[in-house]
There are 2 protein chains.
Amino acid sequence: MGRTSDARDKILSAARTLIEQRGYTALGVAEICAAAGVPKGSFYHFFESKQALAITVINEHWTEQRQQWTEVLGRDRPPLQRLRDLFLATETVQRVGQQDNGKVVGCLFGNLALELSNQADDVRQRLQEIFDAQIELIEQVVAEAHERGEIAATVDMHDAARSIVAQLEGRVLFAKLLNDPGQLEAMWRNCLALLGAPPLEAEADSPR
Amino acid sequence: MGRTSDARDKILSAARTLIEQRGYTALGVAEICAAAGVPKGSFYHFFESKQALAITVINEHWTEQRQQWTEVLGRDRPPLQRLRDLFLATETVQRVGQQDNGKVVGCLFGNLALELSNQADDVRQRLQEIFDAQIELIEQVVAEAHERGEIAATVDMHDAARSIVAQLEGRVLFAKLLNDPGQLEAMWRNCLALLGAPPLEAEADSPR
């Protein structure tokens, strides 16, 4: 039992690293099993197909990321500061990924959205749900800032949350293309601009 | 001579369609030649490798897109309106792509940036140059709006142009993921927010 679930974990871990480094299409089951150090025969004991594995990798990554987002966005801090903390945490994730892989790996969800969404309907649907959940987490914090009068009264909160997630994906794309996690530093002022929040005051009361 | 260049064009056209639909990695030279209706042997007469073909597809697409961007952004219209025209033109490109392919194909450069930039240094470098050129084209128009006092005086124009292109890539990602070119409708108000331009006045004097 211990050994069995160990093999599954090894496959998942190897698959995630390889997908982050080289995408989904380039990989074969044999290569994933070789990297995981498990016999190829055991793959289909755990996963129906390579696509089923991709969905599991996506789900496990979202479980981790949602936990991080929920923790950061739920802190006992002013709402706009929590958004800033999220951007800093995202930049750190990309820096650590760069150290581990030699290159910025970007966002697993964004990568797979562009690579696979037109080819695999179940991947598309799962990624839609995940981006919707991200937008909802951001929107809750935007609503708190709105209640406190810290953002423009006229802002459509759901739309603003969607714009922030779109900006984050675009900035992570630049971070990957330029192999430079510093591309995410602009997220904070971009977010304030998208929310119609006064940039200087907000800057002044935030810790560096 | 006519026949020879015809074969090259057919390969390029087929490759672009296939790359837009399924990405670069999934394709083989044989499949591209079959789709182009040219003998496989002729491929290496025109292209040194599949990667060399990808660079040529990128360059030809940028030649077309740069022409469109230059035309739209150079019109005799107020600068912010020209940015709006660019977003409308981009949305139209995605709608036409959706009609032709059945699905929104997204941005060829963004797709390949996420798929290939960590695996092919020449693709990475060419895409960096193209995004820099896009940012520069936007920045020129932002500078005009700045001179006319139509955007916030404090805006860093280069940084704002980069943020607009990042937002555009993020919005195109959503358009592809949701198979919905309408995701680009928000670009105009997102752009005004990023530039610190007053949203309502700008909305009022723009044609629908």
Side-chain angles (χ1 to χ4, degrees), chain A residues 20-27 101-107 109-119 123-125 127-128 131-132 135 152 154-156 159-160 162-179 183 186-187 189-190 192-196 199-200, chain B residues 20-27 101-107 109-119 123-125 127-128 131-132 135 152 154-156 159-160 162-179 183 186-187 189-190 192-196 199-200:
Chain A
E20 282 187 332
Q21 288 173 349
R22 291 172 36 215
Y24 169 86
T25 312
L27 300 180
N101 296 283
K103 285 169 181 168
V104 168
V105 294
C107 167
F109 306 134
N111 294 346
L112 291 175
L114 294 194
E115 187 183 353
L116 276 193
S117 59
N118 280 352
Q119 295 172 73
V123 171
R124 182 201 289 271
Q125 193 187 328
L127 291 173
Q128 286 178 358
F131 279 110
D132 279 347
I135 291 164
T154 51
V155 158
D156 175 322
D159 186 61
R162 179 172 285 274
S163 301
I164 291 167
V165 176
Q167 183 71 25
L168 195 57
E169 284 301 313
R171 285 279 168 182
V172 170
L173 185 152
F174 280 156
K176 182 168 179 177
L177 180 64
L178 300 166
N179 193 25
Q183 292 293 316
M187 268 312 297
R189 56 179 179 279
N190 290 163
L192 295 180
L194 288 166
L195 294 173
L200 288 177
Chain B
E20 282 186 331
Q21 288 173 347
R22 291 174 34 218
Y24 169 86
T25 313
L27 300 179
N101 295 282
K103 287 170 180 166
V104 168
V105 293
C107 167
F109 306 134
N111 293 347
L112 291 175
L114 294 194
E115 187 183 354
L116 275 192
S117 59
N118 281 350
Q119 293 172 73
V123 171
R124 181 201 290 271
Q125 193 188 325
L127 292 173
Q128 286 177 0
F131 279 110
D132 279 346
I135 291 164
T154 51
V155 158
D156 175 320
D159 186 62
R162 179 171 286 273
S163 301
I164 291 167
V165 176
Q167 183 71 24
L168 195 56
E169 284 301 313
R171 284 279 168 182
V172 170
L173 185 152
F174 280 156
K176 182 168 179 176
L177 180 64
L178 300 166
N179 194 25
Q183 292 294 316
M187 267 312 297
R189 56 181 181 278
N190 290 164
L192 295 180
L194 287 166
L195 294 173
L200 287 176

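In what follows, chains carry the letters A, B, and so on, assigned in the order in which the sequence lines appear, proteins first and then strands, with residues in each chain numbered from 1.
Put simply, the side chain of A:Leu114 reaches to within 4.5 Å of the side chain of B:Lys176, judged on heavy atoms. Here the side chains of A:Asn118 and B:Gln21 are not in contact, with every heavy-atom distance at 4.5 Å or above.
Of the two parts of B:Val104, only the backbone, made up of N, CA, C and O, holds a non-hydrogen atom closer than 4.5 Å to a non-hydrogen atom of chain A. Contact annotation for B:Ala186: only side-chain heavy atoms (C-beta onward) come within less than 4.5 Å of a heavy atom of chain A. Neither the backbone nor the side chain of B:Leu27 comes within contact range of chain A, judged by heavy atoms closer than 4.5 Å. In this structure, no portion of B:Asn101 lies under 4.5 Å from any heavy atom of chain A.
For the residue pair A:Arg124 and B:Leu177, the shortest heavy atom distance occurs at NH1-O, 2.9 Å. The heavy-atom pair separating A:Arg162 from B:Arg171 by the smallest distance is CD-NH1, 3.6 Å.
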Residue pair A:Leu178, B:Phe131: steps toward the side-chain contact (heavy atoms from CB on, under 4.5 Å) verdict: CA-CA 10 Å; A:Leu178 300 166; B:Phe131 279 110; over 6 Å; no

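Ranked by heavy-atom pairs under 4.5 Å with chain B, the first of A:Thr25, A:Val155, A:Asn190 is A:Asn190. The candidate from A:Ser163, A:Ser117, A:Gly196 with the greatest count of non-hydrogen atom pairs under 4.5 Å with chain B is A:Ser163. Interface check for chain B: of the options A:Asn179, A:Leu195, A:Asp159, the most heavy-atom pairs under 4.5 Å are formed by A:Asp159. With chain B as partner, the option from A:Ala160, A:Ala193, A:Gly170, A:Ala166 having the largest number of non-hydrogen pairs under 4.5 angstrom is A:Ala166.
The distance from the CD atom of B:Gln167 to the CD1 atom of A:Ile164 is 9.5 Å, given to the nearest 0.5 Å.
Not one N or O on the side chain of A:Glu115 forms a donor-acceptor pair closer than 3.5 Å with the backbone of B:Glu115.
The pair A:Arg189-B:Asp156 fails the salt-bridge criterion, with no side-chain N (NZ, NE, NH1 or NH2) lying under 4.0 Å from an Asp/Glu carboxylate O.
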